[in-house]
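Read the structure below first, then the notes.
In the text below, chain A, chain B and the rest are named by the order of the sequence lines, each starting its count at 1.
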Amino acid sequence: MRNYLNELNEMQKQAVLHKDGPLMIIAGAGSGKTKVLTTRITHLMAAHQVDPFNILALTFTNKAAAEMKERIEHILGTSEARNLYIGTFHSVFARILRTEAPKIGYPNNFTIYDTDDARSVIKTVIHELNLDDKQYKPNVVYNRISAAKNALVGPEEYANDYHLQQEDAKANRPMLGQIFVAYANRCFKNGAMDFDDLLIKMYELLKHYPEALSKYQHKFKYILIDEYQDTNPAQYEIIKLLGAMHENVCVVGDDAQSIYSFRGATIQNILQFRKDYDDVAIVKLEQNYRSTQNILHIANEVIRNNKSQIEKRLFTGNEEGEKIKRVRTLTDNDEGKMVADTIQEQKLRYHLTHNDFAILYRTNAQSRSFEEALRRMGIPYKIYGGISFYQRKEIKDFLAYLRLLVNTHDDEALKRIINYPARGIGKTTLEKVSLLANEKNVSMWEVLCNAALFGFKSGTLESVDNFVTSIKMFQSELPKKNAYDLAILVGKNTGIVKELFNDKTTEGLARYENVQELLNSIKEFIETPLNDEDGEVGDKGLGTYLQQISLLTDADNDDEENADKVKLMTIHASKGLEFTMVFVAGLEETLFPNAMSINTREELEEERRLFYVAITRAKSKLVLSYANARYRFGQLQQNDPSRFLDEIPEEYVERSYSGQASRNHFNNGQQGTAFERMNRGFGYNNFSSAQALEKKKPSYLTPPPRPAVKEHIPSNNFEASSTSLLQEGQKVEHQKFGFGQIVKMEGASHNPIATIHFEQNGEKKIMLNYAKLRIVE
DNA sequence: GATTATATGGTTTTT
DNA sequence: CCATATAATC
């Protein structure tokens, strides 16, 4: 075994050698916290003979967990590390709940709703309460409910809280509490938990079931938590319960990198930690091993502007390094081009690989211009985030079948697939089923199973019965077949695969390939050994598979880890990563800091921490760029440079400009257009090429809005006449459009089309086979 | 009931 | 500009 202690500095060593009792490690950016965590676990196992089964480590992504495991195995030279209980809060708790769920009234095979599923349930619930989804936007409602859950406020408590009622009344959403209650009930009825429930239900389990609490307290003798600054109160309380027996809780965090308060995370958890445990040992890691002096210096200067923070002083022994580049471009497209050009140039000049570069931005929508520019130059790239594989429609549809097999109460899954592929069960039928399900307080599936009792039309009844029969057939195969064979069966039997295969459009092809990829991933799942321990979850069943994929993080599914590609991602997604050269793009007011987050000091400071995180991803080269104008909502919009740029001392910065005409933006002397030269040195004056660039669409190009149909109340004696008698010139009455005169008759005799001029609604073309017309004269 | 055209409205970040 | 919701048309 390697002598791992020799690889640590003094403070790092302290953190590793501290054995029992609570420990808080304040670890600055690039100070080697992952190394400390892995070494600490290694040391517990190797020097103190702590059984890995008794160690719980919670990380931010599954990938980080896997990496840690790997590193530990590597140092130890054994495979013992695979027995560690390690993963994200959500995946670890999901795993535990998989066995414990019945205690709190959920089935073992509970479904995990992702954000889309949750929003969809909320929407249904809003409609069922006869509320308007314009007033109660599902997204807003979801966020509100999520915030409540993360603060451990349950639905009843929420609905009965006076202050929350006042607040919601003011915000014109007085019924939010009721929606929350209904939503929670519906999820429960569906046997489903959303992301937040994985924390809440874990908490309830430990809180209300002493045996369960005792079991896991005994099991987890040592607890380690990474990225502690991004934990929320629910997570805090769970850890408090779990760690209460041994108090061997080690947390690692950096308040300066707290960027998830929108998810309920609070720095309070760091402050509270010291109060809740006796004798908390505190270790500060302040030496940065990642960045050049210049980069670290401006990072420190920026974060200094935040009022609330824990005292610390980051330093580095690294070289001074290059100055920071600050580049102004005219538009977002120019910004993309500038970045791509620079990557090409730097790559050649310094013999860098594509892997050395990362482009970071505030919002996912910004990726477009970089993508285009990189593709045009033939530079390989990979975008992280955005719509992930498992959110694609074809994937969700396919998975919905599997979800329904495992848990027939999952109405969301059922709704997705009941008419996919089309089998003649439409909106009307679905609404009826939903209504009946609510009335009888059963799942929609149960209504379908007894469809004959509820008087559906014979045609629909047949379709429903066919659907029920085939799902039941799949279910009967559940115990016999493994997840992969079952998925194949579903794909074949439903005709989904064939249907996608026959779609020869580009998108259709992509969808077919995606489904194939999904099948491959299922195959891979059943072929990978799972470390089952003490008879717990070790099955290779469909349920386990579905749970696993629903909790994958974006960072987890990068296919070819070592592929030499430029990486594009949001700053949030870049947390914990490092790159030789980093571009932070879109440093403009309203974008970064984002307009949504400048209303309070707290929000603004979080934006600044985000900027801090972005800067500290860079090892040796950093480019900060902004565009004078960029397309947002399809329109060119002007923005001032970000206020954060002003917080960087000028002597560390090299400014340059890049517009349409100038190619070399670094050290480009007196080149560039006259326009650019005249504007040089005025980084934040309000000059606007944007106005010149903006091509105002002439008004005659935008079609006039379609006139609203003027309401027509059919005459009392309205009765559709036979259309075969119609002739030009006749006066008619239409049920909706009112009175009019036939201008023209055309079309084949079996499908005649009449052009009718209506008094109230103008000329319309009407297909006589479908329209109901009364001949007036 | 399904398919296609149009309207609307929305962007912060994610387990 | 984009994706989704609603309406028109088949």
When the distance from [atom1] of [X] to [atom2] of [N] is rounded to whole Å, what number comes out?
X: Glu227(A); N: dT14(B); atom1: CD; atom2: P; answer: 14 Å
X: Ile571(A); N: dT14(B); atom1: CD1; atom2: P; answer: 11 Å
X: Lys575(A); N: dT15(B); atom1: NZ; atom2: C1'; answer: 11 Å
X: Glu372(A); N: dC2(C); atom1: CD; atom2: C1'; answer: 14 Å
X: Asn364(A); N: dC2(C); atom1: CG; atom2: C1'; answer: 14 Å
X: Glu589(A); N: dT12(B); atom1: CD; atom2: P; answer: 16 Å
X: Lys427(A); N: dA7(C); atom1: NZ; atom2: P; answer: 8 Å

Closest to the [X] side chain, choosing from [options]:
X: Glu607(A); options: dT11(B), dT12(B), dT15(B); answer: dT12(B)
X: Arg263(A); options: dT12(B), dT15(B), dG1(B); answer: dT15(B)
X: Thr570(A); options: dA2(B), dT11(B), dT13(B); answer: dT13(B)
X: Thr363(A); options: dT12(B), dT14(B), dA5(C); answer: dT12(B)

Face-to-face stacking of Phe633(A) with dT11(B), centres under 5.5 angstrom, angle under 30°: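 Stacking between Phe633(A) and dT11(B): absent.
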Crowding at CZ, Arg601(A) (>12 non-hydrogen neighbours, <6.0 Å):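 Open.
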Residue whose nearest DNA chain B nucleotide is more 5′ - His90(A) or Asn594(A):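 It is Asn594(A) whose nearest nucleotide is closer to the 5' end.
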Whichever of Gly424(A) and Phe60(A) has its nearest DNA chain B nucleotide further upstream toward 5':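 First, find each residue's nearest nucleotide; the 5'-ward one identifies Gly424(A).
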Distance below 4.0 Å between Ser91(A) side-chain N/O and dT15(B) OP1 or OP2: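 Answer is no, no contact under 4.0 Å.
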In terms of side-chain geometry, is the basic nitrogen of [X] or [Y] positioned less than 4.0 Å from the acidic oxygen of its partner?
X: Arg263(A); Y: Asp230(A); result: no
X: Arg368(A); Y: Glu371(A); result: no
X: Arg511(A); Y: Asp397(A); result: no

Rounded distance in Å between the P positions of dT6(C) and dT11(B):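 Rounded to whole Å, the distance is 16 Å.
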